[in-house]
Protein chains: 2
Amino acid sequence: MAVTDEAIEKIKGMIVSGALRPGDRLPKESELAAELGLSRNSLREAVRALSLIRILDVRQGDGTYVTSLDPQLLLEALSFVVDFHRDDTVLEFLAVRRILEPAATAMAAARISEQQLNALTNQLDKLGEAPSVEELVACDLEFHRGIVQSSGNSVLCSLLDGLSGPTTRARIWRGLTQEDAVSRTLHEHRAILAALRDRDAEAARSWATVHIASVEQWLRSSL
Amino acid sequence: MAVTDEAIEKIKGMIVSGALRPGDRLPKESELAAELGLSRNSLREAVRALSLIRILDVRQGDGTYVTSLDPQLLLEALSFVVDFHRDDTVLEFLAVRRILEPAATAMAAARISEQQLNALTNQLDKLGEAPSVEELVACDLEFHRGIVQSSGNSVLCSLLDGLSGPTTRARIWRGLTQEDAVSRTLHEHRAILAALRDRDAEAARSWATVHIASVEQWLRSSL
DNA sequence: TCGTGCGAGACATCCGACGTCTCAGCCCAC
DNA sequence: GTGGGCTGAGACGTCGGATGTCTCGCACGA
C-alpha cells in the first residue's frame, strides 16, 4: 500500500481508537509526517483527502483539527458524491427518498414543536399564491428540511439532505413544463403541515408519499 | 479558495459536464497541473482526495482514470465515513436501516428470481442449527444483501450496505449476551424467505421490520 | 483598559529530482 | 511464424527544501 494510504489509515485509526478525539488538534504537519514516517508532501495528500470528507479541518496559520464528527457533517460528503450521478440514476435516488421522506415525516408528527409548526406555516404563507418556480423549489427544500429535522434523527436528516440535491434540477424542470405542478405542490405542502399539526402520523406519511410519488411519476413518464 | 480546492471543483466540473466520462483517462499529472494552473504537488492532493471517494482511480505506472461512477462504487465511500461514528450514534443509523430494509425487502418480493430464492435457501441451510455467533452475523449480512440486491435499486443497496457495517459489532455483541438471539434470528430469516417465496410483500416487510426492531430494542435497552 | 503592531508558528504552494511500477514493443529462441 | 522474455519510455510515488500567506498571542503605547 502506498505511504499516503497508510497515513490515511493510521490517522483514521487514531480517531476511531480514541487517541484523537473530536476537536483535538493534530501535531503540526512536519511532526506528524516524521511520526508516521513519510514526507510532509505525502502526508498533506492524506490530510487533504480526509478534510474533503470532513474528517479533518485544516485552518491555515493555525493548525489541523479533528472535526466534530457529527453525522450531519460527515454525510455532507454524501451530497458531493451524489453530484456525480447523471440523470439516469435520479430515479433510483428518488425511490430511496420516497422511502425515507414519508417515514421521517411520520416521525416528525410525534415530535415537532409548536414553534417549528408556526415557522413552517409562516414560510408557506410568505410564498404567496403565485411564486416563481425557483422560489417554489427553494421553499420546497427548506420545508422538507424543517420537517425532517423534527424527526430527531440527524443521520436521517443528513441522508435526505444529500439525496434531495440531485432531484432539485428535476423538480425545477417539472415546474417549468407541467402547468399544475406549482399549485399542486402548494396544496400538498399545506396538507402535510395540517397533518403534522393534527399529530396524525399516518396522514403525514401518506401526504409525503403522494408528494414525492407525483414527482417520481412525472419524471418516469418524461424520461 | 485554495488552489487545491479549486482543482477539485474543476475536475468535478469536467466530469459532471461530461468533458470527462467514466473510464476516461486524465491527462498526465504534469500536463493537467499546467492546464489547471497549479503545481503537480497541489494537483496530486486534489487527485488523492477524489480517489479516496472513488471518483478517480490512479494506477501507478499507467495513468489516472475516471471510475465507472456506479452508485455502488461511490456510496462505498459512505462506509468509510460511517466507520468514524461512535456507538452513541449507532441507534440513529439503525433507525434509518429500520426504515430502508423493510421497504427494500418488500420491493424484492415482487422482483426476486427463483434462482436467487434458491441461493438464499441454500445459504440458510448451510448454516446448520447451532452456528457460531460470527458465522451467524456474517450470514446475516450476506442474507440481507442478497435480498436488497433483488430490490433492483442499486442506490438503495449501497446505502444499506454502508449502514449495515457499523451495526455489525452490535449484532455480534448481542449474539454473545442474549441467549435466544441466535435461534430467533434464524427463525426470522426463514420467515422472511418464506414471505419472499410467496411474493407476499407485506409479510416480507413486516418480518424485516420485526427482525431489525428486535436488534434495535435490545440495543436501546442495553445502552 | 483597550486597541494596534509585531513576530512566531503553521499551513499553502511551488520546484526539481529520483524511485518504482506498468505497458508496449522489440528481439530472440523455439 | 509464434511465444516468451527483456528493455525502455511514460506515468505515478515520494522526497526535501524554499518561500508565501495566514492566524494567533503577546507586548507596547495611547
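Labels below follow one simple rule: chain letters A, B, ... track the order of the sequence lines, proteins then strands, and each chain is numbered from 1.
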> Relative to the ring of B:Phe143, is the ring of B:His189 parallel (under 30°), tilted (30 to 60°) or perpendicular (over 60°)?
Replying inline: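 B:His189 and B:Phe143: parallel rings.
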
In terms of side-chain heavy atoms of [X], which of [options] is nearest?
X       : options                : answer
B:Val58 : D:dC12, C:dT13, C:dA12 : D:dC12
A:Arg44 : D:dG13, C:dT13, C:dA10 : C:dT13
A:Gln60 : C:dC11, C:dC14, D:dC15 : C:dC11
B:Glu29 : C:dC14, C:dA10, D:dG13 : D:dG13

Integer-rounded Å distance: [N] [atom2] and [X] [atom1]:
X       : N      : atom1 : atom2 : result
B:Leu43 : D:dA11 : CG    : P     : 14 Å
B:Arg48 : D:dA11 : CZ    : P     : 19 Å
A:Leu36 : D:dG13 : CG    : P     : 19 Å
B:Leu32 : D:dA11 : CG    : P     : 13 Å
B:Glu31 : D:dA11 : CD    : C1'   : 11 Å
B:Tyr65 : D:dG10 : OH    : P     : 15 Å
A:Leu26 : C:dC11 : CG    : P     : 9 Å

> Of A:Asn41 and A:Asp62, whose closest DNA chain C nucleotide lies nearer the 5' terminus?
Replying inline: A:Asp62

> Any N or O donor-acceptor pair linking the side chain of B:Arg40 to the base of D:dG13 at under 3.5 Å?
Replying inline: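 Indeed, a donor on one side and an acceptor on the other fall under 3.5 Å apart.
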
> Start at the 5' end of DNA chain D and walk down; is the nucleotide closest to B:Lys28 or to A:Leu38 reached first?
Replying inline: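 Between the two, 5'-proximity favours B:Lys28.
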
> From B:Leu56 CG over to B:Arg25 CZ, what is the distance, rounded to the nearest 0.5 angstrom?
Replying inline: 13.5 Å

Which part of the nucleic acid, if any, lies within contact of [X], taking any heavy atom under 4.0 Å across all strands shown: a base, the sugar-phosphate backbone alone, or nothing?
X       : answer
B:Thr4  : sugar-phosphate
A:Ser30 : nothing
B:Arg59 : sugar-phosphate

>> Does either side chain, that of B:Glu92 or that of A:Ser154, offer a donor lying less than 3.5 Å from an acceptor on the other one?
In response: yes

> Going by distance alone, is a donor N or O of one side chain under 3.5 Å from an acceptor N or O of the other, for A:Ser164 and A:Arg145?
Replying inline: no

> Are A:Lys12 and A:Asp5 ion-paired here, with the side-chain N under 4.0 Å from a carboxylate O?
Replying inline: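 The answer is no: the pair does not qualify as a salt bridge.
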
>> Is there a side-chain contact between A:Ser42 and the phosphate of D:dG13, meaning an N or O under 4.0 Å from OP1 or OP2?
In response: no

